[in-house]
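Comments concern the structure below.
Hydrogens, waters and symmetry mates are skipped; everything else that's a heavy atom, side chains included, is used. Residues: numbered from 1 along the sequence shown. Here the structure is a predicted model, which is why all the values come from computation and not from measurement.
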Amino acid sequence: TDGFQILGGANADGLYFRTSKTAGLAGSYAWDTRMFIAAGGNVGIGETAPSGKLHITDGDGQVSSGVYITNERNANNNNYIRFRKARQSTGTTHTVITSGDYLGEIAFQGCDATNGYETGATIYAITEGTIASDQIPTNLQFHTENTSGTHAERMRISADGNVGINDTSPDEKLDVGGAIHLTGDRADGTEVGLYLSHASGLGEIISNGADATTVGTLLLAVRESDGQNQNTALKLDSNSRISLSNNDSGGTANTVFGY
């Protein structure tokens, strides 16, 4: 029958928790280490050289069995993973954290061309602003690594709920540091569109100037799907003048207003 062993490792390197299976030769038992507690306190499940406090692996060549957190109760309970941070903890005393402290990190890694693990994407939770009683303002940062090997922030959700894409200081609900490409259909199956809705019935499209002393110019352009042959169909300049086909000379070749 199968058995169970707890063994002390050589040179006091840790404790091995093993179970047996009858797969050995001539009816002998083959023992497999299921859990290992290293001398330094790290725990490995399926891993005899744990890199952290808990290291889980399915073993070489094995199909991943994953990690499950299950709640089975006739009540509205949720499963959770909780990350905690204090500057110092002595007994029940915790020292307040400061703005800029990391509350948690989730890193996604893969084996690279040199057979080492490289981080391809990371999610950080970082405090920002004043820390007070019942108040821990925190942002979420999403980092990815590109084909040049640069691991950088790509999106941020600020403590106030503003979202920045290629913008680390979003001051509106959505700030995008770059162009936006809209594709697909509306909910009713018709063409793609950009919709502005407000209780007042008013919507704004604003083109900011290059600095605090200038105002912007707004262009509406058309082009092919591959980005080629772009033509300006309408131009609204800082003097409230409107021209079609980018004709701002006041000539008669195209329709102009305000010149």
Side-chain angles (χ1 to χ4, degrees), residues 38 40-43 45 50-56 66-109 117-146 150-180 194-213 215-216:
N42 290 349
V43 176
I45 298 178
S51 301
K53 288 302 179 185
L54 178 61
H55 188 160
I56 302 174
V67 176
Y68 294 79
I69 301 176
T70 303
N71 180 286
E72 297 177 349
R73 184 185 178 195
N74 189 24
N76 186 20
N77 296 123
N78 65 301
N79 299 317
Y80 59 87
I81 298 175
R82 182 167 292 168
F83 298 86
R84 286 181 165 181
K85 166 68 178 177
R87 277 286 176 166
Q88 184 178 358
S89 177
T90 303
T92 59
T93 300
H94 300 86
T95 301
V96 65
I97 60 176
T98 62
S99 181
D101 276 357
Y102 287 70
L103 298 186
E105 171 187 336
I106 300 175
F108 304 86
Q109 295 185 328
Y117 279 105
E118 174 73 8
T119 301
T122 315
I123 302 174
Y124 297 100
I126 303 175
T127 58
E128 63 177 19
T130 302
I131 310 298
S133 298
D134 300 319
Q135 177 179 301
I136 307 292
T138 304
N139 67 61
L140 278 178
Q141 299 180 15
F142 298 80
H143 296 232
T144 62
E145 186 168 290
N146 62 18
T150 301
H151 197 90
E153 180 180 339
R154 312 300 181 182
M155 185 176 75
R156 175 179 300 204
I157 304 175
S158 73
D160 294 324
N162 294 337
V163 177
I165 299 176
N166 198 31
D167 189 326
T168 60
S169 301
D171 54 12
E172 299 291 349
K173 288 305 178 186
L174 178 61
D175 276 9
V176 179
I180 299 175
L194 177 64
Y195 299 90
L196 307 176
S197 299
H198 191 270
S200 67
L202 298 176
E204 292 182 325
I205 298 177
I206 300 173
S207 177
N208 289 332
D211 53 49
T213 62
V215 296

Review point. Taking all non-hydrogen atoms of both residues, which atom of Glu145 and which atom of Thr119 are closest, and how far apart?
Key: OE1-O, 3.2 Å
Check your understanding: Does any donor atom in the side chain of Thr144 or His151 lie under 3.5 Å from an acceptor atom in the other side chain?
Key -> no
Exercise for review: Could you walk me through whether Asn71 and Asn78 pass side chain to side chain contact (heavy atoms under 4.5 Å, CB included), step by step?
Suggested key: CA-CA 7 Å; Asn71 180 286; Asn78 65 301; over 6 Å; no
Check your understanding: Does atom OH of Tyr117 have more than 12 heavy-atom neighbours from other groups under 6.0 Å away?
Key -> no
Review point. Looking only at heavy atoms, what is the nearest atom pair of Ile97 and Arg87, with distance?
Key: CA-CG, 3.8 Å
Check your understanding: Glu128 and Ser99: side-chain donor and acceptor closer than 3.5 Å?
Key -> no
**Study point:** Least distance between heavy atoms, Thr70 atom then Asn79 atom
**Key:** C-OD1, 3.7 Å
Study note, to complete from the structure: Sorted by chain and residue number, the side chain to side chain donor-acceptor pair (under 3.5 Å) partners of Gln141 (sequence neighbours excluded) come out as Asn139, His143
**Study point:** Note, Phe83 side chain near Leu103 side chain (heavy atom, < 4.5 Å)
**Key:** no
Check your understanding: Does a side-chain heavy-atom distance below 4.5 Å link Ile131 with Pro137?
Key -> yes
Review point. Would a 4.5 Å heavy-atom cut-off, applied to side chains only, mark Val43 and Lys53 as touching?
Key: no
Practice item. With the side chain counted from C-beta on, respond yes when Phe108 and Ile123 share a heavy-atom pair under 4.5 Å apart, and no when they do not. Key: yes
Check your understanding: Stepwise, does the side chain to side chain contact (heavy atoms under 4.5 Å, CB included) test hold for Asp175 with Ile165?
Key -> CA-CA 6 Å; Asp175 276 9; Ile165 299 176; over 6 Å; no
Check your understanding: Which of these, Thr138, Asn162, Val163, sits in a side-chain contact (heavy atoms from CB on, under 4.5 Å) with Ile157?
Key -> Val163
Check your understanding: Say you draw a straight line from CZ of Arg154 to OG1 of Thr122; how long is it, rounded to the nearest 0.5 Å?
Key -> 11.0 Å
Exercise for review: Side-chain contact test, heavy atoms from C-beta onward, threshold under 4.5 Å: evaluate it for Ile56 versus Val67 and give yes or no.
Suggested key: yes
Check your understanding: Is it true that the side chains of Asp211 and Thr213 contain a donor and an acceptor less than 3.5 Å apart?
Key -> yes
Practice item. Quick one: closest heavy-atom pair of Gln135 and Thr130, and the distance? Key: NE2-O, 2.8 Å
Practice item. Can you see which heavy atom on Ser200 is nearest to which on His198, and at what distance? Key: OG-ND1, 2.8 Å
Exercise for review: Begin with the C-alpha distance, continue with both residues' side-chain angles, and end with the deciding distance and a verdict on side chain to side chain contact (heavy atoms under 4.5 Å, CB included) for Tyr124 and Glu105.
Suggested key: CA-CA 5 Å; Tyr124 297 100; Glu105 171 187 336; 3.4 Å; yes
Exercise for review: With side chain to side chain contact (heavy atoms under 4.5 Å, CB included) as the test, would you mind laying out the steps for Leu196 and Leu202 before giving the verdict?
Suggested key: CA-CA 8 Å; Leu196 307 176; Leu202 298 176; over 6 Å; no
Check your understanding: Quick one: does Ser207's side chain have a donor or acceptor within less than 3.5 Å of a partner on Gly216's backbone?
Key -> no
Practice item. Please tell me if the side chains of Asn166 and Val176 come closer than 4.5 Å, counting only heavy atoms from C-beta onward. Key: no
Check your understanding: To the nearest 0.5 Å, how far apart are CD in Glu172 and OG in Ser158?
Key -> 11.0 Å
Practice item. Would you name the heavy atoms of Ile69 and Tyr80 that are closest together and state the gap between them? Key: CD1-O, 4.4 Å
